Amino acid sequence: MRSSTEAGPGAWWDAVRDTGHLVAFRARTVRRRRASALGLAVVLGLTAIFALGPRAVDVGSVDQPALERALGALQDNLGAALAGFVLLAVSSAVASGGGRELLSRTESAVHPISPVTEHLGALLLAPVNLAWLVQAWALLAVTALVAPDGRLLGAQLVVLAWVLAATAWGQVVGWVVEGVRRTAHGVLVVRLAAVLAAAALAGLHLAGVLLPLVRSLPTTWVAATGQTAGWPVVVLLLLAVAVAGVVAGAGPAAWALRLPPREELRVQSGVHEARPVPTPRRGSPDRALLRRLDRGSVWRSVGMRRGLLVLGLGPGVVALVAGLEWRSVMLLPGLTASGAALLFGVNAFCLDGRGMVWRETLPVSAGDVFDVRAQVVAECMALVSGVTVVLALLRNGPPPLVTGIAVAACWLVVVVQVLAITMTWSIRSPYAVDLSSPRATPAPHAAMAGYAGRLSLVTTLTAMLFTGAAALPWVWAPAVLALPFLVWSGGRFLRARRRWLTGDERARVVLTVAAV
């Protein structure tokens, strides 16, 4: 009998078959199949729009010299954007502990799931990541703008092949880093390496050599050749690289998964001494205690801590490397806020798990519980999207007045929008999940795909409206445009709050998330 850690041809065939069984099993656990199908359709529709839509835009009334300069800048930076996707694929795999899991750690403990199956499942779930989707859409949109006539199909196939290859090798790096992290002093080594890498990027940027260095990478050749008659050769080469990455990831996955998850075990088995009762300067002491509990639940979680860090720095680093202008940056706050919400906000009360039953016995009002949980979700979204805006500010300098007001208004609107949507989903569709593993998700993967599609659609359309408002000559236009959005989202948030205050609904949510 073959060992589950072997990676021969037979083991690969078994892993592919087992992965198919797990995908079918997870698909049958989806409660709202129509909503999930709608979310998947939104993702596919947006992919088609980004791949073909920019080519269909009529630019006849645009200043042609300015348009040519803009397209030239995009063409020059397309190779840098391809390199940025590799960085994103690596950081996502590293942050999630090697990739997402098809079956949770507690569920898989009694099943003979091989490391190869875990590896294949993580690759399949890579698109269930809003940052991954956004960057892929951005590559497709930029390619559609700069590809010569008659070369669009080949150029987009090159982009898709590059996405596959980058994802496969990003997964390899993710497993290697996770294996190192699980060694005796691995956590310290990984953190030190991350700090040195960030310092190196910052130093190169301050020295003014980061962008020229990135443009000198082979990704520039890939981007240029993909827009010529030689694109089939590039596609075949990239597909071969992708297959090699899939095969190469099995070994590091087996090594990493054999080792104990030291960082998570340290959190679960650590001793946390009681701290003094907080004495707030303003507000209720009960709310201060609830804020401490909720913030601690987020920041002690290994997966959420890593995810927030990647979401905060990843898009901003891409903006630094690719040289995105303010109108392009306006799309990022909503998408990064949505990514933060997808870490736990779409199922906000799952943070407590079984402890939710104990929390319901505390002598605090149900309104305080809801308000504080919503505040913590909003803090996480504002934090990661704010880091992106700050990095864009360092890259581009202060924007014009109208553009600055539009960015601020768009930032506020998308945070309130996503908060209202996610708190509604948290009440309407709670799930029992264990977020102790960094590979866990707050909802089934099909539901997560639907959530990602709908959030990205809403925030992208909102950002496009504010991008148009930034082009108007009136300073007050973005602020006025924000008012109906805030009123609508505020009403939706209040409806979710009223539903939580209903005893039957609150009991349903509590008992559901506590059944871990």
Side-chain angles (χ1 to χ4, degrees), residues 26-27 29-51 53 92 100 125-138 140-141 307 311 315 330-350 374 377-378 380-381 384-385 410-431 433 441-467 484-496 499 509:
R26 299 304 296 179
T29 61
V30 178
R31 300 175 192 165
R32 306 183 64 198
R33 298 190 178 184
R34 291 185 180 179
S36 299
L38 177 61
L40 180 60
V42 168
V43 171
L44 296 176
L46 286 174
T47 302
I49 290 172
F50 283 113
S92 297
R100 298 299 183 189
L125 295 177
V128 189
N129 180 333
L130 195 55
W132 189 97
L133 285 173
V134 169
Q135 189 66 8
W137 289 336
L140 293 172
L311 284 168
M330 206 174 302
L331 294 170
L332 296 180
L335 294 171
T336 52
S338 300
L342 289 169
L343 290 176
F344 72 99
V346 294
N347 188 18
F349 297 100
C350 74
V377 175
C380 293
M381 293 190 297
V384 297
S385 55
C410 181
W411 183 15
L412 175 63
V413 165
V414 294
V415 168
V416 175
Q417 270 185 333
V418 175
L419 178 64
I421 292 171
T422 54
M423 294 308 294
T424 299
W425 288 343
S426 298
I427 304 299
R428 187 177 62 192
S429 301
Y431 293 95
V433 293
T441 55
H445 303 298
M448 292 297 293
Y451 290 159
R454 283 179 282 177
L455 287 176
S456 60
L457 178 63
V458 169
T459 55
T460 300
L461 293 177
T462 302
M464 291 173 64
L465 287 175
F466 281 92
T467 301
F485 286 96
L486 295 175
V487 171
W488 175 268
S489 299
R492 186 170 189 176
F493 178 83
L494 292 177
R495 288 195 296 273
R499 189 171 178 178
V509 173

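Only a predicted model underlies this, so the values are computations on that prediction, with no experimental measurement involved.
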**Q** Can you tell me how far the CD atom of Gln417 sits from the CG atom of Leu412, to the nearest 0.5 Å?
**A**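 It comes to 10.0 Å.
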
**Q** Hey, can you tell me if Tyr451 and Trp425 have their rings parallel, tilted or perpendicular (30° and 60° cut-offs)?
**A**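 Tyr451 vs Trp425 ring planes: parallel.
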
**Q** Drop me the distance from Met448's CE to Leu342's CG, to the nearest 0.5 angstrom.
**A**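 Atom-to-atom, Met448:CE and Leu342:CG are 4.5 Å apart.
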
**Q** Taking all heavy atoms of Ala496 and all of Ile427, pick out the closest pair and write down the distance.
**A**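 Distance-wise, the nearest heavy atoms are O-CG1, 4.1 Å.
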
**Q** Check step by step if side chain to side chain contact (heavy atoms under 4.5 Å, CB included) holds for Arg454 and Val458.
**A** CA-CA 6 Å; Arg454 283 179 282 177; Val458 169; 5.5 Å; no

**Q** Ignoring hydrogens, what is the shortest heavy-atom contact between Val418 and Ala337? Give both atom names and the distance.
**A**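 Closest approach of Val418 to Ala337, heavy atoms only: CG1-O, 4.2 Å.
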
**Q** To the nearest 0.5 Å, what is the distance between OG (Ser338) and CG (Leu343)?
**A**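 With rounding to 0.5 Å, OG (Ser338) is 11.0 Å from CG (Leu343).
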
**Q** With a 3.5 Å distance limit and no angle check, can you tell me whether Thr462 reaches the backbone of Cys410 through a side-chain donor-acceptor pair?
**A**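 Here the side-chain-to-backbone pair does not exist.
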
**Q** If you take all heavy atoms of Ala420 and Ser489, which pair is closest and at what distance?
**A**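 Minimum heavy-atom contact is CB-O, 3.3 Å.
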
**Q** So which atom in Ala340 and which in Cys380 form the shortest heavy-atom distance, rounded to 0.1 Å?
**A**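 For Ala340 and Cys380, the tightest heavy-atom pair comes out as CB-O, 4.1 Å.
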
**Q** Can you tell me if Thr467 uses its side chain to pair, donor with acceptor, with the backbone of Ala463 under 3.5 Å?
**A**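 The answer is yes, because a donor-acceptor pair under 3.5 Å joins these two groups.
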
**Q** Measure the spacing between CH2 of Trp137 and CH2 of Trp132 and express it to the nearest 0.5 Å.
**A**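 Reported value, rounded in 0.5 Å steps: 10.0 Å.
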
**Q** CG/Leu419 to CZ/Phe493 distance, rounded to the nearest 0.5 angstrom?
**A**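 The distance works out to 5.5 Å.
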
**Q** Measuring only between side-chain heavy atoms, which start at C-beta, is Leu465 closer than 4.5 Å to Phe485?
**A**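 They are in contact (side-chain heavy atoms under 4.5 Å apart), so the answer is yes.
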
**Q** Closest heavy-atom contact between Ile421 and Arg492?
**A**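 For Ile421 and Arg492, the tightest heavy-atom pair comes out as CG1-NH1, 3.5 Å.
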
**Q** Write down the atom of Ser456, the atom of Thr459, and the distance for their closest heavy-atom approach.
**A**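 Heavy-atom minimum between the residues: O-OG1, 3.3 Å.
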
**Q** For the side chain of Asn347 and the backbone of Ala443, is there at least one donor-acceptor N/O pair under 3.5 Å apart?
**A**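 Looks like no, no N/O pair under 3.5 Å.
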
**Q** Just verifying a value: how many Å separate Trp411 CH2 and Ser385 OG, rounded to the nearest 0.5 Å?
**A**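 Between Trp411 CH2 and Ser385 OG, I get 5.5 Å after rounding to 0.5 Å.
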
